[in-house]
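Residue numbers begin at 1 in each chain, while the letters A, B, ... track the order of the sequences.
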2 protein chains.
Amino acid sequence: MADDALSGTFAALADPTRRAMLARLVEGEATVTELAAPHDISLPAISRHLKVLEHAGLISRGRDARWRPCRLEPAALADADAWMEPYRRFFGSRLARLDAQLRASASPTAKEQ
Amino acid sequence: MADDALSGTFAALADPTRRAMLARLVEGEATVTELAAPHDISLPAISRHLKVLEHAGLISRGRDARWRPCRLEPAALADADAWMEPYRRFFGSRLARLDAQLRASASPTAKEQ
DNA sequence: CGCATAATTAACACATTCGTTAAGTGAGGA
DNA sequence: TCCTCACTTAACGAATGTGTTAATTATGCG
């Protein structure tokens with residue numbers, strides 16, 4: 001993996017187990033054991049997936065007695081999302097169309113904020 | 001790399017050289033040599049990066065005499081973009097806010113299309 | 001044909017990734 | 001104190017990824 005932030009983020013997303021973990025975390029904080037439950041791999045493997053997600057800035061981990069609650073960190077995903085921006089006009093997503101719509105209806109001198 | 005489509009897409013995006021190639025292709029078709037030009041790696045390495053992008057469905061390649069013109073294929077990126085959808089409310093992107101705005105102004109019985 | 005150009009395939013080295021099992025850490029509870 | 005629970009670290013093996021150089025394929029041209 002290249003060591004820039006975006007590469008780390010995309011590399012972290014390139015694994016279904018890790019994406020499933022993020023999907024779980026969208027519902028709220030979870031402990032390591034809770035995140036491990038749906039998966040058929042060992043706890044050390046889970047632990048390393050979490051380390052990858054944490055290193056990529058996709059999650060952060062706290063401490064609650066014996067538990068390490070994990071939560072979603074939005075910034076890294078936001079960066080990945082921002083990277084997509086120039087491509088949206090190509091795949092004509094609903095959001096891209098929305099965006100175009102907004103630009104069209106906005107004041108022509110309006111600055112992006 | 002896991003062999004599902006999304007994993008392949010994200011794995012392909014997890015390399016700066018390949019992202020640079022996509023960025024170039026957003027400007028239009030390009031040959032292998034043109035795509036290679038800005039990078040300081042051998043042509044075989046470039047060729048394999050292109051194979052990764054093609055296998056991920058991010059580009060397709062035609063034939064024009066000796067040249068293999070590459071072009072962006074939107075579908076794979078669109079899928080990656082769609083995957084992000086549930087997370088947008090977390091990182092409060094402009095597009096997410098736009099989306100919320102549209103939903104609010106749409107008829108409450110309107111179905112997603 | 002014979003040669004140059006565009007690109008790919010082959011063969012190899014090296015690093016990283018992802019899984020395993022076994023051992024270690026640190027906080028709570030009997 | 002000793003045990004258990006939640007989790008991490010260590011050590012290892014198999015597979016994959018990325019780069020190299022050398023050889024190969026395929027097309028166009030004199």
Side-chain angles (χ1 to χ4, degrees), chain A residues 1-22 24-25 28-71 76, chain B residues 1-22 24-25 28-73 76:
Chain A
M1 187 237 301
D3 59 347
D4 63 299
L6 257 184
S7 295
T9 302
F10 284 128
L13 296 180
D15 184 290
T17 302
R18 289 194 291 261
R19 289 198 306 276
M21 287 168 158
L22 294 178
R24 166 62 188 79
L25 289 173
E29 281 196 4
T31 66
V32 175
T33 315
E34 283 166 355
L35 288 168
H39 306 288
D40 225 29
I41 60 178
S42 65
L43 215 45
I46 294 289
S47 195
R48 260 216 301 263
H49 279 306
L50 290 172
K51 191 179 278 185
V52 171
L53 289 170
E54 187 178 29
H55 189 76
L58 285 161
I59 67 168
S60 64
R61 289 190 274 185
R63 280 226 164 194
D64 179 7
R66 275 175 279 189
W67 295 271
R68 314 278 146 93
C70 303
R71 64 186 142 300
Chain B
M1 189 235 300
D3 59 347
D4 62 298
L6 257 184
S7 295
T9 301
F10 283 129
L13 296 179
D15 183 291
T17 302
R18 288 193 292 260
R19 289 199 305 277
M21 288 168 156
L22 294 178
R24 165 63 188 78
L25 289 173
E29 281 195 7
T31 66
V32 175
T33 314
E34 283 167 354
L35 288 167
H39 306 288
D40 226 27
I41 60 178
S42 65
L43 215 46
I46 294 288
S47 195
R48 262 214 304 262
H49 279 305
L50 290 173
K51 192 179 276 184
V52 171
L53 289 170
E54 187 178 28
H55 189 77
L58 285 161
I59 66 169
S60 63
R61 287 190 275 185
R63 279 229 166 191
D64 178 8
R66 275 174 280 189
W67 295 271
R68 312 281 151 88
C70 303
R71 62 187 144 298
L72 215 49
E73 282 299 327

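Nearest heavy-atom pair across A76(B) and A56(B) is CB-O, 3.5 Å. When all heavy atoms are compared, the tightest approach of E29(A) to P69(A) is OE1-CB, 3.4 Å. Smallest separation of non-hydrogen atoms from G62(A) and R71(A): N-NH1, 4.1 Å. Of all non-hydrogen atoms in S47(B) and R61(B), the two that sit nearest each other are O-NH1, 4.4 Å. Contact record, L35(A) with H39(A): O-CD2, 3.2 Å, taken as the closest heavy-atom pair.
If you take CZ on R48(B) and CD on E54(B), they are separated by 14.5 Å, rounding to the nearest 0.5 Å.
In this structure, R61(B) and I41(A) both approach DNA chain C, and ranking their closest nucleotides by distance from the 5' end singles out R61(B).
Per the geometry, CG belonging to L43(B) stands 13 Å off C1' belonging to dG19(D), to the nearest Å. Protein atom CD1 of I46(A) is 13 Å distant from nucleotide atom C1' of dT20(C), rounded to whole Å. For the pair H39(B) NE2 and dG19(D) P, the computed distance is 10 Å after rounding to whole Å. Atom CG of L35(A) is separated from atom P of dT8(D) by 10 Å (rounded to the nearest Å). Straight-line distance from the NZ atom of K51(B) to the P atom of dT18(D): 13 Å, rounded to whole Å.
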Collect all protein-nucleotide pairs involving nucleotides 16-18 of chain C in which both atoms are nitrogen or oxygen and the distance is under 3.5 Å.
| residue | atom | partner | partner atom | Å |
| --- | --- | --- | --- | --- |
| dC18(C) | OP1 | R18(A) | NH2 | 3.2 |
| dC18(C) | OP2 | R18(A) | NH1 | 3.2 |

So which protein nitrogen or oxygen atoms get under 3.5 Å of nucleotides 23-30 of chain C's nitrogens or oxygens?
| residue | atom | partner | partner atom | Å |
| --- | --- | --- | --- | --- |
| dG28(C) | O4' | R66(A) | NH2 | 3.2 |

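An OP1 or OP2 oxygen of dT20(C) is reached within less than 4.0 angstrom by a side-chain nitrogen or oxygen of S42(A).
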Report the C-alpha separation of E34(B) and C70(B) in whole Å, then their side-chain angles, then the decisive distance to 0.1 Å, and conclude whether the side-chain contact (heavy atoms from CB on, under 4.5 Å) test is met.
CA-CA 10 Å; E34(B) 283 167 354; C70(B) 303; over 6 Å; no
Could you walk me through whether T31(B) and R66(B) pass the side-chain hydrogen bond (donor to acceptor under 3.5 Å, both in side chains) test, one step at a time?
CA-CA 10 Å; T31(B) 66; R66(B) 275 174 280 189; over 6 Å; no
